[in-house]
Enquirer: 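Got a structure for you, questions after.
Just so you know, ligand 1 is whichever comes first in the structure, and atom 1 is the first atom listed for that ligand.
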Amino acid sequence: MDHYAFGSDNVAGICPEAWRAMEAANSGDASPYGSDTHTARVCDRVREIFETDCDVYFVFNGTAANSLAITSICQSYHAVICHAKSHLQTDECGAPEFFTRGAKLITCAGDLAKLTPEAVLSAASKRRDLHFSKPRALSLTQATEFGTIYQPDEIAALAAVARSSGLKIHMDGARFANAAASLAATPAEITWKSGVDVITFGGTKLGGGIGDAVVFFDRELAHEFDYRCKQAGQLASKMRFITAAWEGLLDGDTWLQIAHRANQHARDLAAGLREIDGVEILFPVEANAVFARFSPAIDAALQKAGWHYYSLAGIGDSRLMCSWRTTKDDVDAFLTSARQASAHSA
Ligand SMILES: *Cc1c(COP(=O)(O)O)cnc(C)c1O
């Protein structure tokens with residue numbers, strides 16, 4: 001039997017809602033480069049969801065969305081304050097530095113992959129002389145790389161420090177839907193109403209195929225952003241297939257339902273694993289990620305049984321992600337394997 005792959009939420013394919021919308025868009029001709037009706041409609045839908053007149057762009061992936069969003073804030077001599085575990089710092093091959101032609105990433109530590117106002121203030125004020133890159137942006141990941149979430153008051157507190165330090169706020173929302181589904185606050189409240197200037201709104205991991213959005217709440221930052229996208233090779237000629245998929249995701253509250261389901265599966269998975277000897281859950285499960293520490297014997301048995309998840313070799317720390325495709329049966333089957341592995345290794 002082929003097990004569900006818990007390795008990442010991008011191992012799943014395209015969800016039926018996005019797939020059907022793409023198929024429906026595949027009839028007749030449409031204007032290229034984003035001047036089609038799907039793109040116009042979905043941009044309006046994004047404005048509706050965020051309850052504000054924001055500027056919306058679509059690029060091929062999250063690395064481009066993050067990096068280009070940062071270029072809209074930073075000159076080459078500026079610096080971005082971000083978490084040491086942020087995707088920006090650890091998983092973008094220097095793309096933010098490349099696209100800004102030199103902006104520096106200043107990383108901060110912080111429990112649960114979250115930045116604190118104290119850490120940001122310290123990073124922003126340590127060096128203010130001409131000989132060091134000038135802090136200009138704060139980048140927050142929501143949900144974080146550890147599957148935790150910034151509460152609205154935490155975002156507001158970070159925003160207050162950012163404002164007083166002259167920093168614009170970028171939010172890496174590769175899993176923004178999971179955060180929005182988990183919080184009892186509106187998308188507006190956890191973004192621009194809390195001080196976020198630009199967000200990378202991820203659709204790929206949620207269930208789209210290709211294409212993440214860059215949404216500017218501070219519309220001055222969007223000045224000539226279309227040129228940045230085009231020059232970076234991030235303007236899709238047949239844009240309608242990216243934006244039609246997004247229409248499928250954003251139709252009604254499909255996006256929140258998908259995210260809510262994935263979050264629920266992650267919580268159930270963690271709850272089951274907590275009961276098993278030899279398994280430790282490392283972080284609060286607030287979105288669709290479970291970080292677990294398996295005993296070496298359990299880890300080996302799970303791998304042998306054909307389960308896929310990210311494993312930090314030797315340490316036993318593992319990441320399991322739930323997606324639109326995860327089912328209750330997948331969660332139950334994994335828990336059964338983990339229980340058996342634990343019993344055999346006892
Ligand atoms: C996946 C991810 C991205 C985007 O990555 P791409 O592979 O470039 O699409 C950005 N930020 C975070 C936190 C992610 O998990």
Enquirer: Please lay out, stage by stage, how Trp246 and Phe201 fare under the test ring pair (Phe, Tyr, Trp, His ring centres under 6.0 Å).
Expert: CA-CA 11 Å; Trp246 269 90; Phe201 185 8; 5.0 Å; yes

Enquirer: Side-chain heavy atoms nearer than 4.5 Å, only ILVMFWY residues, links allowed to pass through others: does that put Ile298 and Tyr309 together?
Expert: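 As far as the 4.5 Å side-chain criterion goes, Tyr309 and Ile298 are connected within one cluster.
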
Enquirer: For atom 5 (O) of ligand 1, which of His87, Lys85, Gln142 has the closest heavy atom?
Expert: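 Among His87, Lys85, Gln142, the closest heavy atom to atom 5 (O) of ligand 1 belongs to His87.
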
Enquirer: Go through ligand 1 atom by atom and flag the ones less than 4.0 Å from a non-hydrogen atom of Arg175.
Expert: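 Here the atoms of ligand 1 in question are 15 (O).
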
Enquirer: Determine, using heavy atoms of Thr204 and all atoms of ligand 1, whether some pair is separated by less than 4.0 Å.
Expert: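 Outside the 4.0 Å threshold, so no.
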
Enquirer: Any idea which part of Asn66 is under 4.0 Å from ligand 1, heavy-atom wise: side chain, backbone, both or neither?
Expert: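 It is the side chain that touches ligand 1; the backbone stays farther off.
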
Enquirer: Among all protein heavy atoms, pick out the one at the shortest distance from atom 2 (C) of ligand 1; state its residue, atom name and that distance to 0.1 Å.
Expert: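 For this ligand atom, the closest protein heavy atom is Lys205 NZ, 2.4 Å.
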
Enquirer: For residues 266-284, tabulate all N or O donor-acceptor pairs below 3.5 Å that involve a side-chain atom, not counting sequence neighbours.
Expert:
from, atom 1, to, atom 2, distance (Å)
Arg267, NH2, Gln264, OE1, 2.7
Asp268, OD1, Gln264, NE2, 3.0

Enquirer: With a 3.5 Å distance limit and no angle check, can you tell me whether Thr148 reaches the backbone of Leu112 through a side-chain donor-acceptor pair?
Expert: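 Checked: pair present.
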
Enquirer: At a 4.0 Å threshold, what atoms of ligand 1 neighbour a non-hydrogen atom of Ala174?
Expert: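 Answer for ligand 1: 2 (C), 3 (C), 10 (C), 11 (N), 12 (C), 14 (C).
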
Enquirer: Return the closest protein heavy atom for atom 7 (O) of ligand 1 as residue, atom name and distance.
Expert: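 I find the closest protein heavy atom is Thr63 OG1, 4.4 Å.
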
Enquirer: How are the rings of Phe217 and Trp192 set relative to one another: parallel (under 30°), tilted (30 to 60°) or perpendicular (over 60°)?
Expert: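 Plane angle between 30° and 60°, so tilted.
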
Enquirer: Where is the tightest heavy-atom contact between Leu105 and Cys82, given as atom of each residue plus distance?
Expert: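 What the structure gives for the nearest pair is CB-SG, 4.2 Å.
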
Enquirer: Measure the distance from atom 9 (O) of ligand 1 to every protein heavy atom, then report the residue, atom name and distance (to 0.1 Å) of the closest one.
Expert: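 Among all protein heavy atoms, the one nearest atom 9 (O) of ligand 1 is Gly62 N, 2.9 Å.
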
Enquirer: Numbering the atoms of ligand 1 from 1, which are under 4.0 Å from a heavy atom of Thr141?
Expert: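 Near Thr141, meaning under 4.0 Å from one of its heavy atoms, ligand 1 has 13 (C).
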
Enquirer: If you measure only the distance, is there a donor-acceptor pair under 3.5 Å linking the side chains of Asn66 and His170?
Expert: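 Side-chain D/A pair, Asn66 to His170: present.
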
Enquirer: Just to be sure I read this right, does ligand 1 sit under 4.0 Å from the backbone of Asp172, its side chain, both, or neither, counting only heavy atoms?
Expert: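 Side chain only.
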
